[in-house]
Every structure is written in C-alpha cells, then in structure tokens.
Amino acid sequence: MSVKPYSVTKSPSAYEAYKFALPELYREIAKEELREDDSVREQSLAEMRQWIAHNPHIRKCRTDAKFLLRFLRFQKFSVPMACEALERYLSVRELYPSWFKHLDCNDAAMKEICENAPFTYLGQDSAGRMVMFVRFGCFNGKKHTALQDGRYMALMMETVLEWEEMQIGGCHVLVVYDGCTLDNFEKWSTSELKIIMDAYSRSYPLRYTEIHAAGLQKFGVPIVETFLSFANAKLREKISCYSSFAELDKHIESKMKPKEYGGSVELNALNRAFRKRVEEQREITLGLDQMEIDVQHYASVWDAEEPMPADAAAGAVFKQLNMA
C-alpha cells in the first residue's frame with residue numbers, strides 16, 4: 001500500500017477534499033457518539049485550519065483531514081477543545097523529543113521490540129472498536145531500556161492514530177502479564193512512568209473504551225500502581241484488573257481469542273500483518289517531525305499546569321485483584 005505525502009504548511013487551503021470511506025457502522029458511531037456528520041465535519045475542519053493558520057505559536061502543522069480529525073473526534077467536535085488537544089500533542093513531542101520524535105521502525109532496537117510483539121492488533125470487534133492485545137512480558141526486561149520501550153509504545157500510538165476506524169470506534173485494550181520478570185518493572189523510574197502515562201492519558205488523542213488487565217504478579221504491583229497514579233480520573237474509571245486470564249476472558253469476543261489462551265487466532269500471523277502496516281506508515285510517522293511550535297511558549301504553559309494526582313488515587317483500580 002502506498003501513502004501520499006501530506007503538507008505541514010499552515011495554509012488552510014493545503015488539503016484534499018475529505019471523503020468518508022469507512023463502512024456504514026462507523027458513520028453511525030460517528031453520528032451517535034461523536035456528533036459527526038458531513039456538515040459538522042466540514043465546518044469543524046475549516047475552523048480548525050483557520051485557527052492553526054492564525055496561531056503565532058504553531059509554525060508548521062499538518063492540516064490534512066485525517067490528522068485534524070484525530071483531535072476533533074477525540075473531543076466530539078468541540079473545536080476549541082480539539083485545538084487545545086492539538087497544542088498538547090505538539091507540545092509533548094517537542095518537550096520530550098527523545099521519547100516522541102524520530103520514531104523509525106527501521107531502528108535496530110525498535111525492530112527488535114516489534115519482532116518480540118508486545119502489542120498485537122487483534123482487529124475490529126463487532127462494536128467497531130480496535131482491539132489491542134498487550135503482552136507486557138514480551139518486552140525484554142534486561143536488553144532494552146524504559147526509553148526504548150516507551151518509544152515503541154509511541155510508535156504504536158502514532159500508527160493507530162492514522163486509522164480512522166480507531167479514531168471513531170475507539171480502542172479496547174487487553175493486557176496480560178504472564179512471562180514478566182522483575183526486570184520488566186524495575187527499569188522504569190517514576191519520572192519515566194509519568195511521561196509515558198501523560199502521553200497515554202492526556203497528550204495523545206486516544207479514545208479508550210475499556211481497559212482490562214490480568215495476571216499482574218505481586219512484584220509488579222508497586223510500579224503499576226505508581227503508573228496508574230499519573231492517569232487522569234476519566235481513564236482510571238475505564239480500567240479493570242483481574243487475578244487471572246479466565247476473568248478477563250469474558251471481555252474478548254471469541255473470534256479474537258488467541259490460540260495461546262484457548263481460542264483459534266494465530267498471533268504470529270497478526271503480528272506480521274501489524275508490522276507490515278507500521279512499516280507502510282513509516283514515512284508518515286517520520287514526517288510528523290516536520291511540525292514546529294514555539295517551544296518556549298508551550299513550555300511555560302506546561303509548567304503552569306496543576307500537578308498530577310497523588311499515588312493513592314490508583315489503589316482503587318486494584319480492588320478486584322486477589323493478591324492472596
């Protein structure tokens with residue numbers, strides 16, 4: 001599959017006319033859940049492009065529909081809120097470039113992590129949600145650093161955010177911890193956990209529907225609790241934790257259940273297909289680095305924000321865990 005280059009000019013006229021090409025299910029979801037129709041979409045895109053063109057702090061930015069719709073759909077077509085979400089996204093990329101820029105799937109470490117396949121795209125479920133299966137134990141606890149793992153996660157986020165099915169249907173996340181060692185958790189510092197959670201819950205326009213996790217070992221609980229303490233309240237409400245995969249099983253449609261967990265889905269085949277999509281989008285992902293903002297302005301905005309929630313806020317998430 002070939003991809004078309006996009007422009008990072010601020011000119012509001014530098015875009016192709018948008019065509020809704022998804023199955024009818026997504027048109028219905030967009031209308032019912034996001035207040036999106038052809039008229040609202042066209043008007044909102046025009047308003048957002050004009051705002052970008054006249055914003056002195058945004059120097060270069062993508063103005064194509066697929067990119068801007070990330071933020072409009074994330075904020076249910078509230079243009080002011082979508083513009084704010086775009087600013088936050090651009091800011092985190094500039095303020096933490098070692099985490100969120102130069103995301104090249106051909107980088108040696110990135111290729112190795114991709115081949116280990118901690119994230120598997122299981123497909124779209126009957127409700128239109130993207131289902132992502134995360135096997136935390138597939139991260140190499142010793143060989144790769146937290147920064148390298150975090151960059152892989154950022155690469156995955158940038159990849160799926162280009163998919164309009166995910167923008168509209170949202171993301172259904174399933175996490176399992178079998179195969180983890182202490183090294184998988186100990187390499188993460190508190191500051192690194194804060195950076196990556198901020199990306200997941202605040203800075204990247206990901207629409208989570210539900211997040212289910214199972215099988216967390218006792219030695220991983222303190223790190224995961226700290227990680228979740230940096231999530232906003234809205235995200236924490238969507239997280240459920242279980243002591244075993246059997247309890248998580250009811251949240252997976254049978255057609256998507258991996259062979260390793262009693263189903264019929266071949267994870268290796270899905271992982272190869274997912275890696276291919278990541279590779280096909282390589283130039284698009286790297287092209288995001290062309291965007292520019294006034295870093296000093298947004299750094300001051302960032303510093304002025306209220307502090308993250310206290311660690312204790314995450315404790316309730318684990319009420320379903322039987323640690324006995």
Side-chain angles (χ1 to χ4, degrees), residues 3-16 18 44-105 107 147 150-162 166-167 191-192 194-207 230 232 281-308:
V3 295
K4 294 181 179 179
Y6 51 77
S7 172
V8 292
T9 177
K10 289 180 62 170
S11 169
S13 62
Y15 63 91
E16 295 181 358
Y18 178 83
S44 299
L45 285 169
E47 290 177 9
M48 197 167 182
R49 286 173 178 136
Q50 287 292 339
W51 175 84
I52 292 170
H54 293 96
N55 188 322
H57 306 297
I58 297 178
R59 294 167 180 161
K60 293 182 181 179
C61 185
R62 280 178 61 177
T63 56
D64 59 289
K66 185 179 288 189
F67 179 73
L68 297 184
L69 285 170
R70 293 184 180 191
F71 306 95
L72 288 166
R73 286 164 171 158
F74 179 62
Q75 296 294 0
K76 298 184 178 181
F77 284 82
S78 165
V79 174
M81 292 178 69
C83 291
E84 182 179 335
L86 171 61
E87 287 182 300
R88 176 175 280 280
Y89 166 81
L90 294 174
S91 297
V92 77
R93 286 177 49 84
E94 290 291 338
L95 293 170
Y96 298 99
S98 63
W99 286 81
F100 304 113
K101 298 188 80 170
H102 315 300
L103 301 173
D104 190 350
C105 61
D107 172 80
L147 176 60
R151 286 177 57 77
Y152 164 82
M153 296 175 194
L155 174 61
M156 297 302 104
M157 288 191 285
E158 294 290 11
T159 297
V160 301
L161 279 169
E162 284 290 314
M166 199 287 299
Q167 293 177 6
S191 61
E192 290 168 333
K194 183 176 182 291
I195 288 170
I196 201 67
M197 176 52 84
D198 188 274
Y200 271 124
S201 65
R202 291 178 175 82
S203 300
Y204 275 69
L206 289 160
R207 293 184 57 247
F230 298 127
N232 58 42
Q281 290 179 214
R282 177 176 178 268
E283 294 303 319
I284 289 179
T285 302
L286 289 173
L288 294 165
D289 294 346
Q290 299 174 40
M291 296 189 291
E292 295 179 10
I293 63 169
D294 180 345
V295 180
Q296 290 187 334
H297 169 76
Y298 285 111
S300 64
V301 173
W302 188 276
D303 291 341
E305 290 189 345
E306 61 185 48
M308 296 291 186

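To the nearest 0.5 Å, atoms CG (L155) and CZ (F100) are separated by 12.5 Å. In this structure, CZ on R282 lies 12.0 Å from OG1 on T159, to the nearest 0.5 angstrom. How far CG of L103 is from CE of M153: 13.0 Å, rounded to the nearest 0.5 Å. Distance check: I58 CD1 to E87 CD gives 5.5 Å after rounding to the nearest 0.5 Å.
Counting only heavy atoms from C-beta outward, the side chains of R207 and M166 never approach each other to under 4.5 Å. Annotation: side chain of R88 is in contact with side chain of D198 (closest heavy-atom distance under 4.5 Å). At least one side-chain heavy atom of C61 sits less than 4.5 Å from a side-chain heavy atom of L86. Put simply, the side chain of Y204 reaches to within 4.5 Å of the side chain of L161, judged on heavy atoms. Within the 4.5 Å cutoff, no side-chain heavy atoms of D107 are placed close to those of R151.
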Item to complete: Please lay out, stage by stage, how R62 and L68 fare under the test side-chain contact (heavy atoms from CB on, under 4.5 Å).
Response: CA-CA 8 Å; R62 280 178 61 177; L68 297 184; 6.0 Å; no
Item to complete: Any chance you could lay out the side-chain contact (heavy atoms from CB on, under 4.5 Å) test for L288 and Y89, step after step, and finish with the verdict?
Response: CA-CA 11 Å; L288 294 165; Y89 166 81; 3.7 Å; yes
Worksheet item: Could you go step by step and tell me if L206 and V160 meet the side-chain contact (heavy atoms from CB on, under 4.5 Å) rule?
Response: CA-CA 9 Å; L206 289 160; V160 301; 4.3 Å; yes
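Considering only residues two or more places apart in sequence or on other chains, R93 meets the salt bridge (charged side-chain N to carboxylate O under 4.0 Å, His left out) condition with E158, D289. By the ring pair (Phe, Tyr, Trp, His ring centres under 6.0 Å) test, F77 pairs with no residue at all, sequence neighbours left out. The salt bridge (charged side-chain N to carboxylate O under 4.0 Å, His left out) check on K76 picks up nothing, with sequence neighbours excluded.
Nearest heavy atoms, I293 versus S91: CD1-CA, 3.8 Å. The two residues M291 and E94 make their nearest non-hydrogen contact at O-OE2, 3.3 Å. Between A65 and R49, the shortest heavy-atom distance links the atoms N-NH2, 3.4 Å. Considering all non-hydrogen atoms of both residues, M48 and A82 come closest at CE-O, 3.5 Å.
For the side chain to side chain contact (heavy atoms under 4.5 Å, CB included) with I195, the lone residue among F230, W99, Y200 that qualifies is W99.
Residue E292 places its CD atom among more than 12 non-hydrogen atoms of other residues, nucleotides or ligands, all under 6.0 Å distant.
E162 places no side-chain N or O within 3.5 Å of a backbone atom of T285 that could act as its donor or acceptor partner.
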